[in-house]
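We're numbering straight along the sequence, starting at 1. The analysis underlying the following values was restricted to heavy atoms, covering all of them including side chains, and did not include hydrogens, waters or symmetry mates.
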Amino acid sequence: APTTATETQAREVMDRAHAMFARQQYADAAPLFARVVELLRAHDSASAAELRSAAGRMGDISHAAVVESAGDTGRVEFRAG
């Protein structure tokens, strides 16, 4: 299947996010990874699904790194009941 303009845009955003991640700029990278997921939400091609999945994983890692770097003040506890 041909690559759509949206997939091309998502790949460009992913490249920027990955570069920020590599520089440990996790707080800046996280919303870009989320943008990739959002851009590709309605795309069913194998390449879009793969990119969406990778962006989701990288976004999760970025969020975790931001929370960890914030220390105890950045931690959120969820309690049942």
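Among all heavy-atom pairs drawn from L32 and A17, the shortest one is CB-CB, 3.6 Å. V36 approaches A10 most closely through the heavy-atom pair CG2-O, 3.5 Å.
Within 6.0 Å of NE2 on H43 lie more than 12 heavy atoms contributed by other residues, nucleotides or ligands.
By the 4.5 Å heavy-atom criterion applied to side chains, R35 and Q9 are counted as neighbours.
E38 is linked by a side chain to side chain donor-acceptor pair (under 3.5 Å) to R41, counting only residues two or more places apart in sequence or in another chain.
Under 3.5 Å, the side chains of T4 and T6 contain no donor-acceptor pair of N or O atoms.
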When the side chains of residues 54-63 are checked against the rest of the protein, which donor-acceptor pairs come out under 3.5 Å, sequence neighbours left out?
residue: R57; atom: NH1; partner: S53; partner atom: OG; Å: 2.8
residue: S62; atom: OG; partner: M58; partner atom: O; Å: 2.9

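Note that CE of M14 and CD of E7 are 13.5 Å apart. Values are rounded to the nearest 0.5 Å.
Sorted by first and then second residue, the salt bridge (charged side-chain N to carboxylate O under 4.0 Å, His left out) pairs with a member in residues 9-32 form an empty list; sequence neighbours excluded.
In the hydrophobic clustering of this structure, F33 does not group with V37; members are Ile, Leu, Val, Met, Phe, Trp, Tyr whose side-chain heavy atoms approach within less than 4.5 Å, directly or through other members.
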